[in-house]
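Here the structure comes first, spelled out in structure tokens, and everything after it is commentary.
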Amino acid sequence: MTREPVIQLEQVRKSYGEGAGTTQVLRGVSLEVPRGELIALVGQSGSGKSTLLNIVGGLDKADGGNVRVLGHDYRSTSEPELARLRNKKIGFVFQAFNLLDHLTCLGNVTLPASFAAGARDVVRRGQAALGRVGLGDFAHRKPSELSGGQKQRVAIARALFNEPELLLCDEPTGNLDSATGHEVIEFFRELNEKDGVTLMIVTHERRMSTIARRVITMRDGQIVEGDQAGDEDTGGPA
Ligand SMILES: Nc1ncnc2c1ncn2[C@@H]1O[C@H](COP(=O)(O)OP(=O)(O)O)[C@@H](O)[C@H]1O
Ligand SMILES: [Mg+2]
């Protein structure tokens, strides 16, 4: 077990477009996230939150600076290695759920299954993941039969299927009513406290900021509030 931070960002930069149409979306973001952290990433729309999350998750590439996640320096990580890291160690939850409607809940949850795993084990683990989010009886239903909150729980079960060390969530309660959103938030808190999963959550939800151990605010592609890399002031043990 390593004491190395789960996420280490140094002066990360990202632009979109070319020439006069260039938009600088990240302007030197530095951040260190130790294992077991629960971070809320807040800030106005367009401030670069999703871009940052996607870069951390290896879904998008930085143009400058260093990105190191779970011991992998992304500059020297090959695409297949990155794909494996995303599949096995990083879970993603998005606002839009991103479920496949032609598959059952179990089919969606077991999508990240390794082909090496036996089919029985995949089904058992898929069932277990659905059970964890309270949808054990929904394995053979289709997403179209579920409420928004249930769909998001299926998406969370899919993200947890491979027992990731890091869970990245982009406005996971954005499409949920507040009661359902609070259930999801509570689930994230438990996941962090009981299972020690490191979470980084982009959110507008005030409640999320109250369960987060750290709140980081972004503005115009920079962190303007919250701990910067190297800042040890994360408070004492709970
Ligand atoms: N693929 C893209 N191509 C061009 N511009 C993009 C792309 N993704 C994001 N942007 C721009 O980057 C800025 C930050 O976007 P984003 O990271 O989505 O912000 P947030 O999640 O904080 O709302 C916005 O101005 C957005 O228009
Ligand atoms: Mg966004």
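Remember, it's 1-based here, ligands and their atoms both numbered in the order they're listed.
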Quiz item: Do Glu79 and Arg86 meet the salt-bridge criterion of a basic N to acidic O distance under 4.0 Å?
Solution: yes
Quiz item: Are any non-hydrogen protein atoms located under 4.0 Å from atom 8 (N) of ligand 1?
Solution: yes
[atom]: the protein heavy-atom neighbour that sits closest, reported with distance to 0.1 Å:
atom	value
atom 18 (O) of ligand 1	Ser50 CB, 3.7 Å
atom 25 (O) of ligand 1	Gly46 O, 4.2 Å
atom 1 (N) of ligand 1	Tyr16 CE2, 3.6 Å
atom 19 (O) of ligand 1	Gly48 N, 3.2 Å
atom 12 (O) of ligand 1	Val25 CG2, 3.0 Å

Quiz item: Going through the distances and angles, do Ser50 and Asp170 end up as a side-chain hydrogen bond (donor to acceptor under 3.5 Å, both in side chains)?
Solution: CA-CA 7 Å; Ser50 294; Asp170 197 348; 2.6 Å; yes
Exercise. Report yes if the side chains of Glu145 and Gln150 come closer than 4.5 Å at any heavy-atom pair, otherwise no.
Key: no
For [X], take its heavy atoms, then give the atoms of ligand 1 lying under 4.0 Å from any of them.
X	value
Gln44	22 (O)
Ser45	23 (O)
Thr51	15 (O), 16 (P), 17 (O)

Quiz item: side-chain contact (heavy atoms from CB on, under 4.5 Å) with Leu9: which of Leu52, Val33, Ile223, Asn66?
Solution: Leu52
Quiz item: Do ligand 1 and Ser47 have nitrogen or oxygen atoms that lie under 3.5 Å from each other?
Solution: yes
Quiz item: Looking at His182 and Arg207, what are the two nearest heavy atoms and their distance?
Solution: ND1-NH1, 3.0 Å
Exercise. Taking atom CD of Glu163 as the centre, report whether more than 12 heavy atoms of other residues, nucleotides or ligands fall under 6.0 Å from it.
Key: no
Self-check item: Atom CD of Gln44: over 12 foreign heavy atoms under 6.0 Å
Solution: no
Quiz item: Taking 2.8 Å as the cut-off, does an N/O/S atom of Ser50 lie below it from the Mg ion (ligand 2)?
Solution: yes
Quiz item: Is the closest side-chain donor-acceptor distance between Arg158 and Asn98 under 3.5 Å?
Solution: no
